[in-house]
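First the structure, in the form of C-alpha cells, and then the observations on it.
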Amino acid sequence: MTLTENKKAAAVVLECQELGKVYSEGPQKLSVLRQVNLKVLAGDQLAIVGSSGSGKTTLLNLLGGLDVPTSGTVYVAGKDLASVSEAERGLLRNKHLGFVYQFHHLLGEFTALENVSMPLLIAGLDVALAAERAGAMLAKVGLADRTDHKPSELSGGERQRVAIARALVTEPECVLLDEPTGNLDRHTAEEIQDLMRELNSLLNISFIVVTHDERLADSLRRKLLLEDGSLHEQS
C-alpha cells in the first residue's frame, strides 16, 4: 500500500466529541446520551448494540445530522455540523453520508433505478448520468435484472438491496444503517450481511450499524455497547 493509500485508509470520516442529548417532557428531563465520543475511520465496520430505548437510533440520527445534540459536536468530513446552515448540512449528508433504515422507505411509484437515482438527481447530476450510475450500483448489489421493477414487485431482501444501493450511489465516506436486517428472515439477513462486507471491502466505505442482531454485530470489526447513555468498545 502506498503512503497516499495509507493516509486515505486512516482518514477520519465521521467523529463526535462529548455528545449529549437530553429530552424535556414538561418538568421532566430525560438524558439519553452523555459525553459520547466516537471516531470512525475510512473503511471501518462498526456495530452499535444495546437494549431497546438505550438511545442507539438517537445516536445514529445525531451522527447523520438528522437531529441536533444538546451538547457536544459532530464532525462530518471534518466540518462541525453545528457551524453550518441547514442547507449546508443537507449537502454534507448528500455528499458524505448514506442512510439505510429497517423499513426501506423506497418510493412506491418509482422503479428501483429511479429510486437509486434520486440522491444523484438531488445533487444536480444529469438524468442520463444518474441513471447510468444507479444501474451500475444496482448491478453491484445483484439487481441488474430488476432495475425496472417497482418496490411492490420486489422481495423484502431485494427492496433492502435497493435501499443499500441508494445509500451507496453517491459514493459516500460512511453509511449509517438502523436495523438493516430487522425485518428479514435469517437467510436473507445473512445475504445482506455478506453484501455489506463485500461492498465495504470493494469501495472502502465505512459502515455504522445499529442492530439487535448479534450475528450481524459479531461479524463486524468493531462492536460498541451503548449503555446508560455512554458508549463502550467491546472486544
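Bear in mind that the values here come from a model prediction, so they are computed numbers and not experimental data.
A side-chain donor-acceptor contact under 3.5 Å links E15 and Q17. Of the N and O atoms on the side chains of S85 and E88, at least one donor lies less than 3.5 Å from an acceptor on the other residue. Side chains of H232 and E227: no donor on one and acceptor on the other come within 3.5 Å.
Under a 3.5 Å cut-off, the side chain of R34 and the backbone N or O of S230 do not form any donor-acceptor pair. In terms of modelled atom types and a separation under 3.5 Å, the side chain of E158 and the main chain of S155 share a donor-acceptor contact. When atom types are taken as modelled, the side chain of R166 and the backbone of N115 share no donor-acceptor pair closer than 3.5 angstrom. At distances below 3.5 Å, not a single donor-acceptor pair connects side-chain atoms of R146 with backbone N or O atoms of A112. With hydrogens and angles ignored, the 3.5 Å screen pairs a side-chain donor or acceptor of S219 with a backbone N or O of L216. With hydrogens and angles ignored, the 3.5 Å screen pairs no side-chain donor or acceptor of N61 with any backbone N or O of D67.
For residues 55-65, no pair satisfies salt bridge (Lys or Arg N to Asp or Glu O under 4.0 Å), with sequence neighbours left out.
The side-chain hydrogen bond (donor to acceptor under 3.5 Å, both in side chains) test applied to T57 returns D178, not counting sequence neighbours. Contacts of E114 classified as side chain to side chain contact (heavy atoms under 4.5 Å, CB included), with partners at least two apart in sequence or in another chain: F110, T111.
Connectivity analysis of hydrophobic side chains (ILVMFWY, heavy atoms under 4.5 Å, direct or indirect) links L91 to nothing; its cluster partners are none. In the hydrophobic clustering (ILVMFWY side chains linked at under 4.5 Å, chained through shared members), V22 stands by itself.
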Report, one line per pair, each donor and acceptor closer than 3.5 Å where one atom sits in a side chain of residues 42-50; sequence neighbours left out.
| from | atom 1 | to | atom 2 | distance (Å) |
| --- | --- | --- | --- | --- |
| D44 | OD2 | L41 | N | 3.0 |
| D44 | OD2 | R222 | NH1 | 2.9 |
| Q45 | NE2 | N200 | OD1 | 2.7 |

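Put simply, L203 and V162 are part of the same group of oily side chains (I, L, V, M, F, W, Y) that touch within less than 4.5 Å, one to the next.
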